[in-house]
> 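Here it is, the structure in full.
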Amino acid sequence: MEVSKHARIWQVVSMIPTGKVATYGQVARMAGLKNHSRMVGSVLSQLPPHSGLPWHRVINSKGRISFPQSSPQYNKQKQLLLAEGIKFIADKIPLSSYQWHAEESA
DNA sequence: CCACTGACCAAGA
DNA sequence: TTCTTGGCCAGTG
């Protein structure tokens, strides 16, 4: 049977370990959806509040949170990441944190 | 089918 | 490093 893209993205995001992050692009690739990074964001944006999915561990390719700093969403995500021990340097997350290059463990 | 949008990305200037 | 451009592709109206 064919698992929906939505479900595969959901699955991949749920696998991101605490204290680590992954980019939208990485999630898309690991879900087998090479150029669908935008859809990852789309799926997360439609996520219900009690999903239990670690959506905050997904950031953009520049190592930054993909929300305007002025938004409450930005602070929310940043707080959740800080709580997991992830460091921010000038609002950017160092490579060592999203170094979850276990992409082939799908 | 067309036009527009989006929690994206990579390459250039 | 910041801004622009072109490319991606599924949703939506």
Side-chain angles (χ1 to χ4, degrees):
Chain A
M1 80 169 239
E2 275 238 290
V3 182
S4 68
K5 298 167 184 172
H6 167 284
R8 289 196 286 185
I9 291 172
W10 194 291
Q11 163 95 51
V12 172
V13 174
S14 69
M15 288 194 277
I16 305 175
T18 302
K20 293 290 179 182
V21 298
T23 67
Y24 294 93
Q26 279 179 336
V27 172
R29 288 196 299 277
M30 288 186 280
L33 306 168
K34 185 139 189 169
N35 296 318
H36 296 57
S37 45
R38 306 188 87 144
M39 198 179 317
V40 175
S42 178
V43 168
L44 296 186
S45 71
Q46 298 164 33
L47 213 55
H50 319 302
S51 62
L53 211 66
W55 58 270
H56 54 281
R57 297 182 192 146
V58 184
I59 60 175
N60 64 30
S61 65
K62 298 183 175 65
R64 299 180 92 285
I65 290 173
S66 290
F67 280 118
Q69 283 193 309
S70 54
S71 72
Q73 292 261 50
Y74 178 93
N75 295 307
K76 169 69 173 175
Q77 182 168 9
K78 182 173 183 178
Q79 180 189 305
L80 287 170
L81 292 175
L82 287 173
E84 296 187 348
I86 291 175
K87 297 178 180 179
F88 279 78
I89 299 177
D91 300 307
K92 290 165 238 150
I93 296 173
L95 287 172
S96 54
S97 295
Y98 62 82
Q99 207 70 343
W100 177 39
H101 45 98
E103 308 185 19
E104 40 279 302
S105 66

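Throughout, protein chains are lettered first and strands after them, A, B, ... in sequence-line order, and every chain is numbered starting at 1. Owing to the predicted nature of the structure, the values given are computational and were not obtained by experimental measurement.
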> What is the 5' to 3' range of DNA chain B, first to last nucleotide, that sits under 4.0 Å from any heavy atom of chain A?
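Taking any atom under 4.0 Å from a heavy atom of chain A, the span is dG6(B) to dA10(B).
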> Got more than 12 heavy atoms from elsewhere within 6.0 Å of CD, Q69(A)?
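Result for CD/Q69(A): enclosed.
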> Ignoring hydrogens, what is the shortest heavy-atom contact between K20(A) and S96(A)? Give both atom names and the distance.
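That would be NZ-O, 3.2 Å.
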> Suppose you measure atom P in dA7(B) against the same atom in dG13(C); what distance do you get, rounded to whole Å?
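Roughly 15 Å separates the two P atoms.
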> Reading DNA chain C in the 5' to 3' direction, which nucleotide is the first one with an atom under 4.0 Å from a heavy atom of chain A, and which is the last?
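Nucleotide range with atoms under 4.0 Å of chain A: dG7(C) to dA10(C).
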> If two hydrophobic side chains count as joined below 4.5 Å and joins carry through other members, does F88(A) share a cluster with L95(A)?
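They do share one cluster, since a chain of ILVMFWY contacts under 4.5 Å joins F88(A) to L95(A).
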> Within this structure, what is the CD1-CG distance for the pair I86(A) and L80(A), rounded to the nearest 0.5 Å?
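Nearest 0.5 Å value for the CD1-CG distance: 9.5 Å.
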> If every non-hydrogen atom of T18(A) is compared with every non-hydrogen atom of R57(A), which pair is closest and at what distance?
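That closest heavy-atom pairing would be OG1-NH2, 3.1 Å.
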> Please round to the nearest 0.5 Å and tell me the distance separating atom OG of S4(A) and atom CD of Q11(A).
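One gets 11.0 Å once the value is rounded to the nearest 0.5 Å.
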> More 5' along DNA chain C: S42(A) or K62(A), using each one's nearest nucleotide?
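Nearest-nucleotide comparison on DNA chain C picks K62(A).
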> Considering only heavy atoms from C-beta outward, does the side chain of W10(A) approach that of L47(A) to under 4.5 Å?
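The answer is yes, as the side chains (C-beta and beyond) meet within the 4.5 Å cut-off.
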> Assuming nearest nucleotide by heavy-atom distance, tell me which of Q46(A) and N35(A) is located more 5' along DNA chain C.
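That would be N35(A).
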> Using a heavy-atom cut-off of under 4.0 Å over every strand shown, decide if S66(A) touches base, sugar-phosphate, or nothing.
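S66(A): backbone/sugar contact only, no base atoms under 4.0 Å.
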> With no hydrogens and no angle check, do the side chains of H56(A) and E84(A) hold a donor and an acceptor under 3.5 Å apart?
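There is such a pair between these side chains.
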